[in-house]
Amino acid sequence: TKITEIKQDEIRIHGYCIEELMGQRSFGEVVFLLLKGELPEANEGKMLDIMLVSCIDHGVTPPSALAALTSASTGAPYNAALAAGILSINEHHGGAIENSMRMLMELQEILDSLKDSGRDFTAAVKILVSRFKEQNRKLPGFGHRIHKNDPRTAKLLDLANDLGLGDTWVRLLTGLKDGIQKSTLKNLPINVDGAIAALLLELGIAPELANSFFIMA
């Protein structure tokens, strides 16, 4: 296929022999290769691995964990219990990463449309927040049912800065946080979904693939 080539004694992923990747590239780097068709730069690969670690565990209370545990308690084998958990991941649970990516892209579109009018970032945020209110949509990527300041968020954004990967979408995300506070007077912290959304955009990953990172972790 366009992705893999398998012949006798030979397996290639986007042209790379799998035995050359083994021991040389991390799981996250090869996921990047599968999805984008090219190996990541060193810092991109590190960032992807960091993101997978950041959401590797959510305890026993999320719906997907409960679904898997319930399935397992009936005697279902591991693959069935795992499938039950994955099937409960959707727009309302685990889907905030994709929604956050699309929100940031919508904000960028608003900014682009305001370029010639002289209106600033604050105006763009007000337009975005108004749209969400009118459509009765929550702002994805902000707030958390447990954390006031999600510890994973600060670490993700700090590491992204260290790796030189937060120049565009991360700045947009942090600017949006400040803009929301000015616009609504609510201090909504960036959660791990919002941070991962910005970083996936920095890496050029399509929004349609966002939830797969939550599922993999």
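If you're wondering where the values come from, they're calculated on a predicted model, not measured in any experiment.
A pairwise comparison of heavy atoms in A210 and M101 identifies CB-SD, 3.5 Å as the closest pair. Shortest non-hydrogen contact noted between F142 and L188 is CD2-O, 3.6 Å. Here the closest heavy-atom approach between residue L104 and residue L172 is recorded as O-CD2, 3.5 Å. For the residue pair R152 and D57, the shortest heavy atom distance occurs at NH1-O, 4.4 Å. Looking at every heavy atom in both residues, M51 comes nearest to L200 through CE-CD2, 4.0 Å. Here the closest non-hydrogen pair linking T153 and I190 is OG1-O, 2.9 Å.
Judged by distance alone, with hydrogens and angles left aside, the side-chain atoms of T174 form a donor-acceptor pair with the main-chain N or O of R171 at under 3.5 Å. A donor-acceptor pair under 3.5 Å is absent between the side-chain atoms of N161 and the main chain of L159, judged by distance alone. A donor-acceptor pair is defined here as one N or O able to donate and one able to accept, closer than 3.5 Å; no such pair exists between the side chain of S71 and the backbone of A68. Checked by atom type and distance alone, the side chain of H93 pairs as donor or acceptor with a backbone atom of S64 at under 3.5 Å. Not one N or O on the side chain of N99 forms a donor-acceptor pair closer than 3.5 Å with the backbone of P140.
Hydrophobic clustering (ILVMFWY, side-chain heavy atoms < 4.5 Å, transitive): L203 and I50 are in one cluster. Criterion: ILVMFWY side-chain heavy atoms under 4.5 Å apart, direct or through other members. Under it, L209 and I215 are part of a common hydrophobic cluster. Note on M105: it clusters hydrophobically with L111, by side-chain heavy-atom contacts below 4.5 Å among ILVMFWY residues. By the rule that hydrophobic residues join a cluster once side-chain heavy atoms approach within less than 4.5 Å of another member, L69 and I89 end up as members of separate clusters. Taking hydrophobic clusters as Ile, Leu, Val, Met, Phe, Trp and Tyr residues chained together by side-chain heavy-atom distances below 4.5 Å, F213 does not share a cluster with L33.
Counting heavy atoms of neighbouring residues, nucleotides and ligands inside a 6.0 Å radius, atom NZ of K126 does not exceed 12 of them. With a 6.0 Å radius and a threshold of 12 heavy atoms from other residues, nucleotides or ligands, R137 has its CZ atom above the threshold. Within a 6.0 Å radius of NZ in K177, more than 12 heavy atoms belonging to other residues, nucleotides or ligands are found.
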Verify side chain to side chain contact (heavy atoms under 4.5 Å, CB included) between L156 and L199, making sure each step is shown before the conclusion.
CA-CA 9 Å; L156 277 166; L199 292 168; 4.1 Å; yes
Could you walk me through whether L107 and W169 satisfy the side chain to side chain contact (heavy atoms under 4.5 Å, CB included) test, starting with their C-alpha distance in whole Å, then the side-chain angles of each, then the deciding distance to 0.1 Å, before giving a yes or no?
CA-CA 10 Å; L107 177 58; W169 297 100; over 6 Å; no
Worked verdict on R12 versus I18 for side chain to side chain contact (heavy atoms under 4.5 Å, CB included):
CA-CA 6 Å; R12 291 180 179 271; I18 198 162; over 6 Å; no
When you look at R102 and E208, which way does the salt bridge (charged side-chain N to carboxylate O under 4.0 Å, His left out) test go after all the steps?
CA-CA 10 Å; R102 294 193 184 281; E208 292 83 1; 3.3 Å; yes
Checking E44 against L48 for the side chain to side chain contact (heavy atoms under 4.5 Å, CB included) test, could you report, in this order, the C-alpha distance in whole Å, the side-chain angles of both residues, the deciding distance, and whether it holds?
CA-CA 6 Å; E44 292 175 330; L48 197 55; over 6 Å; no
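With sequence neighbours left out, K7 forms a salt bridge (Lys or Arg N to Asp or Glu O under 4.0 Å) with E5. Under the side-chain contact (heavy atoms from CB on, under 4.5 Å) criterion, A80 pairs with A76, P77, sequence neighbours left out.
Ring pair F32/H14: centre-to-centre distance not below 6.0 Å.
Electrostatic pairing of E41 and K46 does not count as a salt bridge here, judged by no charged N lying under 4.0 Å from a carboxylate O.
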Show which side-chain atoms of residues 20-31 pair as donor or acceptor with protein atoms under 3.5 Å away, not counting sequence neighbours.
{"residue": "R25", "atom": "NH1", "partner": "E29", "partner atom": "OE2", "Å": "3.3"}
{"residue": "S26", "atom": "OG", "partner": "E29", "partner atom": "N", "Å": "3.2"}
{"residue": "S26", "atom": "OG", "partner": "E29", "partner atom": "OE1", "Å": "3.4"}
{"residue": "S26", "atom": "OG", "partner": "D49", "partner atom": "OD1", "Å": "3.4"}
{"residue": "S26", "atom": "OG", "partner": "D49", "partner atom": "OD2", "Å": "2.6"}
{"residue": "E29", "atom": "OE1", "partner": "S26", "partner atom": "N", "Å": "2.8"}

